[in-house]
Number of protein chains: 2
Amino acid sequence: MTGEAPEAMIASAVKLLAKHGFQATTFSSVLKDSGAPRGSIYYHFPEGKDQLIAAAVDLAGDRALAFTDSFRGLPATEVVDAFAGLWRAVLVRSEFSAGCAVLAVTVSADVPGLVDRAAAIFMSWRERLGQALEEAGIEAASARALALTIIASCEGATVLCRAERSLEPLDVVAAHLRGLVAASAPPS
Amino acid sequence: MTGEAPEAMIASAVKLLAKHGFQATTFSSVLKDSGAPRGSIYYHFPEGKDQLIAAAVDLAGDRALAFTDSFRGLPATEVVDAFAGLWRAVLVRSEFSAGCAVLAVTVSADVPGLVDRAAAIFMSWRERLGQALEEAGIEAASARALALTIIASCEGATVLCRAERSLEPLDVVAAHLRGLVAASAPPS
DNA sequence: GTCTATACGAAGATAGAC
DNA sequence: GTCTATCTTCGTATAGAC
């Protein structure tokens with residue numbers, strides 16, 4: 001089926017970005033991880049590495065977005081736990097060796113177009129998470145502000161968890177976030 | 001004076017880590033930025049690049065630590081603003097092209113020793129910021145938990161600010177953090 | 001302390017055969 | 001679609017002169 005090899009490469013790129021960042025996500029490592037053939041790199045990605053990374057950033061963004069959409073209908077504090085749980089799962093599954101691919105691209109890619117793409121992903125997360133909070137009964141402006149804080153603090157906590165090889169940062173942050181959200185949410 | 005060239009290289013490494021991450025912080029770029037002579041790299045850093053980066057991580061950590069110590073005596077909400085202000089200054093001065101060197105090493109260095117070093121830095125920040133909050137009247141356990149959340153969310157917000165080229169994430173997060181801290185602090 | 005020269009590997013990318 | 005071969009550039013690191 002057409003499109004299988006490139007898809008596998010993009011998925012591997014997401015994994016490698018989350019683990020080692022932009023420069024360390026090389027064609028060699030992507031091929032090794034995905035099992036894709038070396039000869040067709042520039043057939044599938046004529047613009048080279050930047051094109052592959054751009055696709056990987058989009059995939060990482062879409063995955064989180066799809067996950068966020070599954071929060072619809074949850075009470076506000078459970079939305080917080082679900083989002084934190086996404087990062088907890090990434091950390092545990094990787095034994096604290098992986099984090100957020102979009103964050104990694106933001107801080108280690110020098111290509112402006114990729115950073116812009118990362119910004120668009122963060123914005124899309126903000127909007128959808130804000131919607132989920134709004135549907136949980138939080139007023140619109142507060143919901144958008146809270147969504148931003150939830151994303152920023154979970155991203156930061158995930159980095160601290162990786163460094164310290166512990167879930168404590170994410171757990172502590174999530175507890176504070178629940179308090180923040182509960183203060184704006186209607187009583188359940 | 002002995003030690004000037006290596007110091008300049010370490011300072012440049014901090015800057016380059018904050019801007020481009022671990023792999024992109026090469027000897028070439030460090031020499032170019034610092035003006036240090038190429039011939040003495042391995043005289044000053046016999047263990048090579050990892051030794052330089054380790055020194056840079058320590059310097060970045062110590063700088064933030066010294067800054068955090070200047071918070072002693074401030075009311076709790078002002079401690080939040082001061083810490084957020086540190087990152088705001090980094091973003092503005094670099095026109096949104098730099099962030100935290102310690103975070104960059106955590107997510108883009110594959111050398112375990114360097115990640116451990118980054119973890120130690122984060123821990124030292126947690127302790128000192130916790131002390132500052134405790135001196136502002138917050139109960140010990142709460143102060144330590146709040147310090148962790150402040151660090152994690154400012155780190156994450158700084159990444160979002162870089163991506164979006166805007167201070168909004170940091171401003172929104174700081175406002176939420178002030179609320180969180182005020183709820184635990186004695187009335188001023 | 002600083003230099004040049006050099007070794008070695010790995011990166012991204014291109015050309016052309018199959 | 002996939003291969004091999006090759007080019008160029010750049011990275012870390014070492015050796016030895018000054």
Side-chain angles (χ1 to χ4, degrees), chain A residues 1-57 101 104-105 107-115 117, chain B residues 1-57 101 104-105 107-115 117:
Chain A
M1 185 200 294
T2 304
E4 239 175 38
E7 291 307 316
M9 289 179 68
I10 294 168
S12 288
V14 171
K15 189 198 301 183
L16 292 165
L17 283 173
K19 274 185 188 282
H20 307 299
F22 176 74
Q23 280 87 358
T25 303
T26 63
F27 279 131
S28 302
S29 58
V30 167
L31 294 180
K32 186 177 176 183
D33 186 82
S34 64
R38 171 151 240 120
S40 54
I41 293 178
Y42 287 88
Y43 175 81
H44 296 302
F45 302 96
E47 290 159 51
K49 178 174 175 174
D50 290 357
Q51 188 179 6
L52 170 62
I53 302 297
V57 169
V105 167
V107 304
S108 62
D110 22 12
V111 186
L114 290 178
V115 177
R117 218 175 189 92
Chain B
M1 188 201 293
T2 303
E4 237 176 38
E7 292 307 317
M9 288 179 68
I10 295 167
S12 288
V14 172
K15 189 198 301 184
L16 292 165
L17 283 173
K19 274 184 188 278
H20 307 298
F22 176 73
Q23 279 89 359
T25 303
T26 63
F27 279 132
S28 302
S29 59
V30 167
L31 294 180
K32 186 176 175 183
D33 186 81
S34 64
R38 171 149 241 123
S40 54
I41 293 178
Y42 287 88
Y43 175 81
H44 296 302
F45 302 96
E47 290 161 50
K49 178 174 175 174
D50 290 357
Q51 189 179 5
L52 171 62
I53 302 297
V57 169
V105 167
V107 304
S108 62
D110 21 13
V111 186
L114 289 177
V115 177
R117 217 171 189 96

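These numbers were taken from a predicted model, which means no experiment stands behind them. Quick note on labels: first sequence line is chain A, next is B, and so on, each numbered from 1.
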Inset, instruction - For residues 28-47 of chain A, pull every pair meeting ring-ring contact (aromatic ring centres under 6.0 Å, His included), keeping only residues two or more places apart or in separate chains. - result: Phe27(A)-Tyr42(A)
Legend entry - Ser12(B) side-chain N/O to Ala8(B) backbone N/O, donor-acceptor pair under 3.5 Å: yes
Legend entry - Between P of dT2(D) and CE of Met9(A), the distance in whole Å: 10 Å
Inset, instruction - Check side-chain contact (heavy atoms from CB on, under 4.5 Å) between Ala109(B) and all other residues, then give those that pass, not counting sequence neighbours. - result: Phe22(B), Val105(B), Leu114(B)
Inset, instruction - Output the residues of residues 22-33 of chain A in contact with DNA chain C, where contact means a heavy atom of the residue under 4.0 Å from an atom of the strand; sort by number or write none. - result: Thr26(A), Phe27(A), Ser28(A)
Inset, instruction - Using side-chain contact (heavy atoms from CB on, under 4.5 Å) as the criterion, list what pairs up with Ala104(B), not counting sequence neighbours. - result: none
Legend entry - Closest non-hydrogen atom pair between Gln23(B) and Gln23(A), with its separation: CB-CB, 3.5 Å
Legend entry - Residues touching DNA chain D, which here means a heavy atom under 4.0 Å, drawn from residues 37-54 of chain B: Tyr42(B), Gly48(B), Lys49(B)
Inset, instruction - Test Ile53(A) against Arg117(A) for side-chain contact (heavy atoms from CB on, under 4.5 Å), laying out the working first. - result: CA-CA 10 Å; Ile53(A) 302 297; Arg117(A) 218 175 189 92; over 6 Å; no
Legend entry - Between NZ on residue Lys19(B) and CG on residue Asp110(A), distance to nearest 0.5 Å: 11.5 Å
Legend entry - Residues forming a side-chain contact (heavy atoms from CB on, under 4.5 Å) with Ala18(A), sequence neighbours excluded: Ala98(A), Ala101(A)
